[in-house]
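What follows is one structure encoded as structure tokens, with my remarks underneath.
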There are 2 protein chains.
Amino acid sequence: MANLETYRADARNVPAPSNKVPIPTLERLTTYLRYLIDLGASGVETISSAEIERQTGINAAQFRKDLSHFGEFGKPGVGYNVTELEGRIARILQIHKVQPIILVGAGNLGSALMGYPGLKEHKFHIVTAFDSDPNKIGKHLWNIDVQDLRRLGDLNQVLGARIAILAVPANAAQSVTEKLIEAGIRAILNFAPILLRVPPHVVVRNVSFLQELAVLSYQLTEGERKTEK
Amino acid sequence: MANLETYRADARNVPAPSNKVPIPTLERLTTYLRYLIDLGASGVETISSAEIERQTGINAAQFRKDLSHFGEFGKPGVGYNVTELEGRIARILQIHKVQPIILVGAGNLGSALMGYPGLKEHKFHIVTAFDSDPNKIGKHLWNIDVQDLRRLGDLNQVLGARIAILAVPANAAQSVTEKLIEAGIRAILNFAPILLRVPPHVVVRNVSFLQELAVLSYQLTEGERKTEK
DNA sequence: TAGATTGTTAATCGATTAACAATC
DNA sequence: TAGATTGTTAATCGATTAACAATC
């Protein structure tokens, strides 16, 4: 019975409704995009998957497989049109149009992020920063006002940001996260070295350079351990 | 015959010479460590893999498998001694002793990193910062001198750092990387949104919050795409 | 048409998870 | 001893890569 149901779904050729795109694919998409932008700027019109492999180190079949999640992009025997592919990847990632972003935490890291030009280049606009420190509230850094964290819900009703960058100390991260979600945020880029608990409709990505450094630290001695034997 | 060889090796208890540890395992190790430190601080003495799963979301079998790459750590029927495990993981990652680190790029991001307290807490000490901008050279930020990039090789002969943080603009990243390697650096934490070409004995990890934001941006609309169907 | 390169299927590889004998 | 939990083997799952028919 359950088997029959399964079979029917197959027969109808339903393309697996929740055709989940693997995260590694999404990550590579940004690599392709970066490379395509450079390529377009230098006037190249067409590119093959083999050339992508040469330049990015990502396997040509991998590249084609990655794209196949989103449709057809190339011409057999010819390759891919650089500017078209560039545009389509940007659209897939939804970074073709300006995205309002909220920053919480106007400390060292937060201020550095406000001044990071790459954000605007990729259409991510930090519209407001929030902090709970009275010494920071009211400041105007990099053309961005620092607002009282208590005004978060209030202000985001107007701003309508759905992505937030969280650059607060670890001990404040979870409680701020809850405020963010209440204020309508659905995606959080978390710089605090802590696991955030969020409901299933909210997505989180963590940036942890301490973790990255620890991995490097291990790898550094890995080679030596081998020769020590 | 080959089988016998294998058996012999097993009998000698050699733990598989080039037993490459998966990167995901190394990444999780830092998560465990963080959690264990908190746990130790709050006086807990013993922990089971089931409890680790409850707290970190990482599967209990995963945890045990991860540790198994490095030996035996727990007592069946009892669990793991928190402080002992903490110490051993720190030692595996080589973050039990101070590691000298070089920072290149004393811009916004670089300065923010110099002031990041987490680094010292995890025994990563930025010993010197380098920049090529005359306006930055000679500055003293967060107790760290900013030196002329041209003195990199020279100074690192004394400093002996093998890990570097690269926080320079994308267009300078590759050439600085080559100077770093020449100066004896073997591990690079790269903040520039570019693929660094390095020889096989050098390891690189990339931190790319633009990529992370792009993934979030995709995931944000993923849910909606489903309901649109 | 012949050569090149795509999109996709099948094979491989590696990582995650379940299951369980060993053991505290 | 009985109950709990480990370390490890086997099963599952998913991602990467190779191979190739389709097609420009």
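Numbers restart at 1 for each chain; the letters A, B, ... are given by sequence-line order, proteins then strands.
If you measure from atom CG of B/Leu26 to atom P of C/dT16, you get 11 Å, rounded to the nearest angstrom. When the P atom of C/dT5 is taken as reference, atom CG of A/Leu67 falls 16 Å away, rounded to whole Å. The distance between atom CG of B/Asn59 and atom P of D/dT5, rounded to the nearest whole Å, is 16 Å. Spacing between atom NZ of B/Lys65 and atom P of D/dT9 amounts to 9 Å, rounded to whole angstrom units. Between B/Phe63 atom CZ and D/dT5 atom P the separation is 13 Å, expressed in whole Å. In this entry the distance linking CD of A/Gln62 with P of C/dG14 reads 14 Å, nearest Å. Residue A/Ile58 contributes atom CD1, which lies 16 Å from atom P of D/dA15 at whole-angstrom precision. Atom-to-atom, CD1 of B/Ile23 to P of D/dA15 comes out at 18 Å; the value is rounded to the nearest Å.
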Intra- and interstrand pairs of DNA chain D - dot-bracket, Watson-Crick/G-U under 3.5 Å, | marks other strand:
..||||||||||||||||||||||
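A heavy-atom distance below 4.0 Å to DNA chain D is reached by these residues of residues 71-90 of chain A, ordered by number: A/Lys75, A/Pro76, A/Gly77. Residues from residues 46-53 of chain B lying near DNA chain D, meaning a heavy-atom separation below 4.0 Å, are B/Ser48, B/Ser49 in numerical order.
The phosphate of C/dT16 (OP1 or OP2) has a side-chain N or O of B/Arg28 nearer than 4.0 angstrom.
When distances are taken from the side chain of B/Pro24 to each of C/dT16, D/dA18, C/dT17, the shortest belongs to C/dT16.
No donor-acceptor distance shorter than 3.5 angstrom exists from the side chain of A/Arg162 to the backbone of B/Leu220, with no hydrogens or angles considered. One N or O on the side chain of A/Gln94 and one on the backbone of A/Arg91 form a donor-acceptor pair closer than 3.5 Å.
Salt bridge absent: B/Arg197 and B/Glu178 never bring a charged side-chain N and a carboxylate O closer than 4.0 Å.
Geometrically, B/Arg28 does not engage B/Phe63 in a cation-pi contact, judged by NZ or CZ lying under 6.0 Å from the ring centre and within 45° of the ring axis. For B/Arg88 and B/Phe73, the positive end sits near the middle of the six-membered ring, less than 6.0 Å away and at most 45° from its axis.
In this structure, CG in B/Leu103 is found 9.5 Å from CZ in B/Phe130, a value given to the nearest 0.5 Å. Taken to the nearest 0.5 Å, the CZ atom of B/Arg186 stands 13.5 Å off from the CG atom of A/Leu216. The CD atom of A/Gln174 sits 9.5 Å away from the CG atom of A/Leu166 when rounded to the nearest 0.5 Å. The CG atom of A/Leu39 sits 11.0 Å away from the CD atom of A/Glu45 when rounded to the nearest 0.5 Å.
Between the side chains of B/Asn81 and B/Thr83, at least one donor N or O lies within less than 3.5 Å of an accepting N or O.
Both B/Arg64 and A/Thr25 lie close to DNA chain D; mapped to their nearest nucleotides by heavy-atom distance, the more 5′-ward contact belongs to B/Arg64.
Under the 4.5 Å side-chain criterion, counting only non-hydrogen atoms from C-beta, B/Leu93 is not in contact with A/Val215.
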